[in-house]
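Have a look at the structure below, then the notes.
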Amino acid sequence: MLIFDICGATHPGRVRKHNEDHILIGRFVKNSGQLALSFSGDDDFATAYGMLLCVADGIGGEAGGEMASRLTLTILDKAFYAVVNPDAEAIVPLLRQAADHANKHVREVAANGKEYADMGSTLSGICLMGGRYWVVNAGDSRVYRYRNGQLKPLSNDDTLAARAVRSGAMTFEQAAHSPDSHILTNYLGAADFSLAVDSGPALRDADCLLICSDGLYDMVDDDTLARCLEQFNASGVSCADQAGRLVALANERGGRDNISLILIMVCHEPG
Amino acid sequence: MSRDDDTPVTSRLEEGSDTAVTQRMPSPAGVTQRMAVDESVTRRLDPAPAVDDDQLAQQVTARLHDEAPLMSALQLQAGNQIADRYRVQAGPLGGISGEAEIYRCLDERTGSQVVVKLYRHDMAPKREVLKGLLGLNHPDIVSIKDYGSWTGRFYEAMEYCEGGSMADVMPFSEQRLREHIGQIINGLRYCHRQGIIHRDIKPNNLFFRDAACNESVLGDFGISSILDPDNEGVRVTQTAANLTLDYAAPELLDGHKVGPKTDYYSLGVTLIHLLLGYSPFRNMSNTDILVAHLRGRIDYPQHLSAEFEQLLRGLLQISPDNRWAYRQVHAWLRGQPVVRDDGSAWSEQQPPTTSTGYPGYPEARTSQQLAQALEHFDAARQLFRGDIRRWLFDQHDPALAERVEEIEENYTDDPQTGLQKLRFLLDPTLPLRIQQHEVYSLDDLLNLLTADDAAINESIAQLLFGGSLLAWMDTLNKVGNRQSLLEKVSLIREKLRYKDTGLALFALRCTLDPDQPLPLIRDIKLQHPGQIEVVLRKAPQAKKALAQRVMAGYFEQWLRAAQFPGWEEDVSFIRNCRIAYPNQEALLTRAIRWRFQPDQPFPFAGKGIGDPRKLAALIDADERSRKQGLKLLAGGWIRAWLVATGRLANPDVLDQVLWNPQSSEQSKLEAVLQLMDPELPSPQLSVKFTRINFGQLDAEQPRSKTIVIRNAGRGHLSGDLRLQDYDRGFTIDSSTIEGNETVIHLSASSLGMPENSRQQTTLSISSNGGDHTINLAYQVPRRQRQRELPDLQEIVLTFFQHVNPRYLITVGILLFFIINLTFCHDAGDIPF
């Protein structure tokens, strides 16, 4: 039986006054502080309803960004958990419908208010259910899987640069330094919003999943993130401490954007 | 060049946020921008007229927090008037898109019904397009009646189509769809001749003018572009994220020029959508849709007629040059041969096989080139990040990408092996490099293995244990039964990794060529295990070599690789022999000879014995023969013969007897004799007592009794004794029976037992000669109680502790007077 140790943390960073990010853990939507929990793979809530763990990074200015990311996660949460005992086969359409519902609300508010006219939000996360999980993504927040020192993005960035890389118009090197690397091609609030939902590769003992906004990975590159997780795991640092240290590291390196992350540590149940 | 020409792709909106692309870093004009650090506020570079209505935003926010229905208060109601002319009758039609609301209205000037599209505050269509279409009455195009601004919002009034959109009545049959294709392409041709590219052909934008759904018309030019005649096309500077990706032609996505044929590609996808009743890209992510367009991976409806499939393939050509347009579709409709624009015969072009370079090493454009280039960039990192898999999926072969994903998942703890595996996966034609040799086939490898060169063998062993050999073998397509071969080699790698390299290479050689013989000495080789006796008879000197092959594991690997009949049982037998009797070469060799020639006799007392019963009888004959039997049994010979030749129906029972650590060698032999000859008479247990009563038993006087256990039959009596209760004061000095006369001392003691009680239990004897029970008992007597006098000193001390000193003094004075009076009276003295 697998055990999931989870900790979500979100912080405005060192430059911005407001936190335009939100995180969703289970049914809690937060945009400050930390929240940790632990549950087993056969947990009755996670088995019956699924455990949603998401990061939303708002765009469209202080008010709009915060509103959009909050709206995204609260509507997603309500729409997703409105369905009791969904089949595993029904999870993908359910996630898409819930996200579409959230998108519709974001667009409605954006369409009728000057203050919120340009607002939108990224959405990245996972839905754990039984022994499986699904990775959801729209925008440039990310879901990573860490295993044996290797950090593997499970989500594909919806950015112009990523699109250019996939179509062959840019190399990785060019994309990394391109101003297009944060031009979103898909997000909640876009007319053609579409949530990518993929079944995640099977989890193993000692795997970690990391969901984060660009405020983390822009400050702490993937290689450093992998090294941090390797060191933390080797020295037995708790999930909550690891999340806290990653936020601190991003702040040490500038903290130029809001920093949000959810860390999920997977282990076999002792005994 | 005008601004529209610079950014035509985002031309749905005249100004401001004309694209769903949102930028977080400085970017070219025309996109919504969020400055990374110093300007976190959304900045419009070219603001559109907007409603100055902060209250509205507050109202929305408040409603949001109240979780009340959001939009109803913001929409126009029936009876409202737009631009002092259009009276709202119904709407918004089709919900709220976030870009515009659509209402059915009465044009109060003309009295006709119109549709009014009311754009959101900061959006507007291209005026050049509307100008071109205004007042036009074309049978296949929705006519634009009017446009303008109203309360800061742009509106567009157009012809009302009574039959609704084609999306409302799909799916279509091929036949019914065919009836409308002519009208649609006529509408497109007209637009294109006017220099207008529609760019948003989809089921929702194809309408029926009449309620009977006969007249189909093209509508909604919201994001249409004006062609630039100088450039013969529209240059796309950015990907248009707000166009509907499902219908987007490849040239819209990869930055190439768009033109009239862009609309025909969208028509192809639209036709599939109309036939299916749903988008062929439903449930696909934007990225996957993008890849599907760029790589020509669109699923066609099942049971499609060949004729319609040709139409769809023509419309969905990736290259606009080879894509069908009006001329080709028109010819198709009339059943005429389809020719290219240049008049040559049309033929389908397969999706491009050449790809763009790998983004981590752009010089590599094919998987083979990437295989050669792996050492020139950080390939391991990019492999495990999924970058290589993604490129393969997008640009080459999804099945190959899937196999790369297996490496990503399973080799994180061994990245170098994963990389080797990737190399051969990317280019299966790559040779395996062994020293100066390039190995292309298993035969090449076998030749190197049989050459028996130390350096080569060392290299092969490294490749085997490092995983590269398996990775290479995995790519050999021409090998029959590849999976089984891979499993065998994996097993060799796993089991022999830290053992003898020579053995591992021998196992590999036999696995690659199961006809390999087992070499013994010089020219003496075994082709088949059944030849052992023949070979040893001819060359007895090979016996030692055979023993060595067996001891070192070569024989076992040879059996395993060749898979002779019953090899699994044979391997298991040899393993058990080796574990049970380590380092006994002679025994192992003999066991193998018995195994593969079961009619071989067992040598005993100068005879060759074939029947286990006879052997049992000979061993049981006398003390000397039993001693000999004991020796053979302890050495493993009897077991080896019985098991190897299959003379025992159930060898497990034999092993249970032999591996019982409690049993003596004699008792094991007796049990084995019984197994060899079940009719052999058993020993017979003989015990004199059935009941022993010790009577009254004082604690100070324990008693004992001698019990003699005898064998009244043949063979070796063995067994054990057990007291049912150990807390009743009975003990025995031995709990085992060995031999034909065993003397046991039984003791009984009542020490600690409750007085006047009766203690009893049973002594159970179980043996190979039968079982017996003796009842044991004794009586604990009542003890005599003696009155104990208290110690004088204790009395004195107690007295002084408990008596008041004043009383003592008083008593002392009284005693003095009494004594004095008594004695003085006698003496006649007066005391005072």
Side-chain angles (χ1 to χ4, degrees), chain A residues 15-16 20 59-62 64-65 67 71 92-93 96 105 107-120 147-153 156 158 160 163 165-172 175 179-187 190-192 194 196-198 201-202 222 256-257, chain B residues 17 20-27 31-32 34 36-37 40-42 50-51 53-54 56-57 60-61 64 70-71 74 96-99 120-122 238-239 241-242 244-245 253-255 283 285-287 290-291 294 355-357 359-360 362 384-387 390 394-395 408-409 412-413 415:
Chain A
V15 174
R16 301 204 172 181
E20 295 166 35
I59 48 182
E62 284 180 8
M67 169 63 73
L71 204 55
V92 175
R96 285 215 171 94
H105 278 72
R107 287 178 62 74
E108 281 177 0
V109 175
N112 288 281
K114 183 183 163 191
E115 188 183 358
Y116 303 117
D118 297 315
M119 77 176 185
R147 177 181 291 169
N148 292 327
Q150 308 284 353
L151 199 66
K152 171 179 175 175
N156 298 315
D158 289 324
L160 213 50
R163 191 176 272 190
V165 166
R166 292 195 75 163
S167 67
M170 266 189 205
T171 64
F172 293 135
D180 293 348
S181 63
H182 283 305
I183 295 182
L184 301 185
T185 55
N186 182 29
Y187 57 94
D192 65 338
S194 153
V197 186
D198 295 303
D222 288 4
R256 289 204 294 274
D257 198 353
Chain B
S17 178
V21 172
T22 294
Q23 186 167 350
R24 299 171 162 213
M25 303 290 283
S27 72
V31 290
T32 304
R34 187 175 76 168
V37 181
S40 59
V41 185
T42 301
V51 175
D53 191 356
D54 289 336
L56 182 66
V60 173
T61 312
L64 193 67
L70 286 170
M71 300 304 297
L74 305 169
I96 303 159
S97 69
E99 291 150 15
R120 54 181 266 190
H121 294 100
D122 49 359
Q238 280 188 333
T239 303
N242 71 335
T244 315
L245 205 56
L253 303 170
D254 63 5
N283 293 338
S285 72
N286 280 355
T287 311
L290 182 93
V291 169
L294 292 172
S355 71
T356 54
F384 291 105
R385 284 180 55 84
D387 295 334
R390 212 169 287 122
D394 292 351
Q395 306 285 342
E408 283 172 27
E409 289 299 302
T412 49
D413 57 344

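Letters A, B, ... are given to chains in the order of the sequence lines, protein chains preceding strands, and every chain is numbered from 1.
Of all heavy-atom pairs spanning A:L151 and B:R385, the tightest one is O-CG, 3.6 Å.
Looking at heavy atoms from C-beta onward, B:P359 lies out of side-chain contact with A:M170 at the 4.5 angstrom threshold. Proximity of A:K152 to B:T412: side-chain heavy atoms (C-beta onward) are nowhere separated by under 4.5 Å.
The choice from A:V165, A:V92, A:D198, A:N156 that makes the most heavy-atom pairs within less than 4.5 Å of chain B is A:N156. With respect to chain B, the highest number of heavy-atom pairs below 4.5 Å among A:G64, A:G120, A:S194, A:G149 belongs to A:S194.
Contacts between A:A175 and chain B at a heavy-atom distance below 4.5 Å are absent for every atom of the residue. At a 4.5 Å heavy-atom cutoff, the contact between B:D413 and chain A is made by backbone and side-chain atoms alike. Using a 4.5 Å cut-off between heavy atoms, A:R147 contacts chain B through both its backbone and its side chain.
Using modelled atom types, no side-chain atom of A:Q150 and backbone atom of B:E409 make a donor-acceptor pair closer than 3.5 Å.
Atom CG of residue B:L245 and atom CG of residue A:N186 lie 9.0 Å apart, to the nearest 0.5 angstrom.
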